[in-house]
Amino acid sequence: MDAFFASVALRDRPELHDVPVAVGGGHRGVVLSANYAARAYGVRGGMSGLRARRLCPQLISVPGDHAAFSAVSSAVRDIFRRITPLVEMASLDEAFLDVRGATRRLGSPYAIAELVRATVHDEQGITCSAGVAPTVSVAKIASRHAKPDGVVVVPPEEVVAFLHALDVEELYGVGTATATRLRRAGLRTVRQLAHAPLEELRAAVGPGTASQLQVLAWGRDRSELHERRGPQEPDRSMGAQRTFAHDLTDREEILREVLGLAAKVTRRLRAGGVAGRTVVLTARYADFTTLTRSRALPEPTDVTQEVYAAATVLLDTLRREQRGRPGRRDALRLVGVRVEGLVPSARVHRQRVLGEREHGWSDADRAMDRATSRFGAGAVRPAALLPGATGRSEGRSEGRPEADAG
DNA sequence: TCTGGGGTCCTAGGACCC
DNA sequence: TCTGGGGTCCTAGGACCC
């Protein structure tokens, strides 16, 4: 999709079509997506809101509507599936289609690309672009060249010439770190990269990346698509993180955020019918240093209190490690909670602990889920997360906010 | 240029087991 | 008795993508 978030946000607001608009980019935030009017000023996705407004003072910011993004995304995916069953969704707004089996029915790959684009435009009111090529990575680069609202076809015999005319950072999989290393090694173009001696390349970027890059530089990456994970193969991890409006130092305050994140993540785990075994806590300090600490549980969980308890231990470990370190890492800019090693909940059989209550936190979580789906998010929440809660109410001496259902 | 939030995959060392 | 090789799990960090 072209400028996906911005296009969806502006679908029903034609009066904003020709004025610069960005989705996201508030206080301490970055621009999620900018329409083409804003891009004319140099505004790009990923840019801080502050910088975007410097480039374009009259920029209008609108909030993102995640429900709308998801709805359009699945509608578009359904359109793709009418073309071919071989669809690999790469993200909300991007997919690979293997159309080799559809040409007899629908015409040339170019004709199919135009059919997809016309259908998406008619049914969803947004434009998209397509790259047609023999491999995933080349199709991806071609689609970038097709933007906005176009098609670029790279036939097999032109793949090498197409790639070799590019700069290295245009390769799918070369980011800022690898691009810097390549540049330092004197490799600026894909042509130079393709002809670089493997030894030299290994010294610059390491053995794994080196061979991967030469595969990409000759257009020899995969043609087969991996269909998106289904119920048999769940996501690998689920997480949530939050950047604070102001850096936090108070343990109680930080733990309240951690509890909120743990609740959010486990609710998504339960909704997806999965549980996970490893809890990862991310801490980003005021100086932007980002550290993670993780801990594996005895068995997978989807219980808010269990994830929260593990995250609390990890946070305290980190605080102990960082205390007294030079650089004074006590002010936190962000915390994140992620659960990895996901398996279907049906495959988890809990080991009952001697003396454990028959109805525990898991039942409380499920009751809260039901209340939330009936009365909306925030209808029921841990008391520590009620507006105005301080986490230091009388009679509490445990030193961390309890997650009583409030 | 004061830098979000959601992910995936890879690497590498150490523990542990056979 | 002082030593191999293979495999898996755990933890931490980094790179990349949208």
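In what follows, chains carry the letters A, B, and so on, assigned in the order in which the sequence lines appear, proteins first and then strands, with residues in each chain numbered from 1. Only heavy atoms go into these numbers, but all of them, side chains included; no hydrogens, no water, no symmetry mates. From a predicted model like this one, the values you see are computed outputs, not experimental measurements.
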request  = Using a cut-off of strictly less than 4.0 Å between a heavy atom of the residue and any atom of DNA chain B, enumerate the qualifying residues of residues 24-46 of chain A by number.
outcome  = Arg28(A), Gly29(A), Val30(A), Leu32(A)
inquiry  = Can you list everything that forms a side-chain contact (heavy atoms from CB on, under 4.5 Å) with Thr290(A)? Sequence neighbours excluded, please.
reply    = Thr282(A), Arg284(A)
note = Taken in chain and number order and not counting sequence neighbours, the residues that satisfy side-chain contact (heavy atoms from CB on, under 4.5 Å) with Ser137(A) are Ile141(A), Tyr172(A), Leu216(A), Asp221(A)
Starting at atom [atom1] of [X], determine the distance to atom [atom2] of [N], rounded to an integer number of angstrom.
X: Met89(A); N: dG6(B); atom1: CE; atom2: P; answer: 19 Å
X: Asp247(A); N: dT3(B); atom1: CG; atom2: P; answer: 10 Å
X: Arg54(A); N: dT1(B); atom1: CZ; atom2: P; answer: 8 Å

query = Does CZ in Arg295(A) sit with more than 12 non-hydrogen atoms of other residues, nucleotides or ligands closer than 6.0 Å?
reply = no
key: Paired and unpaired positions of DNA chain B as dot-bracket, Watson-Crick or G-U wobble under 3.5 Å, | denoting a partner strand   = ....||||||||||||||
task = Encode nucleotides 7-16 of chain C as B, S and - characters from 5' to 3', where the letter depends on protein heavy atoms closer than 4.0 Å: B to the base, S only to sugar-phosphate, - to neither.
result = ---SSSS-SS
request  = Check whether the side chains of His164(A) and Gln192(A) place a donor and an acceptor atom closer than 3.5 Å, and report yes or no.
outcome  = no
task = With sequence neighbours left out, write down each residue that passes salt bridge (charged side-chain N to carboxylate O under 4.0 Å, His left out) with Arg222(A), or none if nothing qualifies.
result = Glu88(A)
request  = Quote, to the nearest angstrom, the P distance that separates dC17(C) from dT3(B).
outcome  = 22 Å
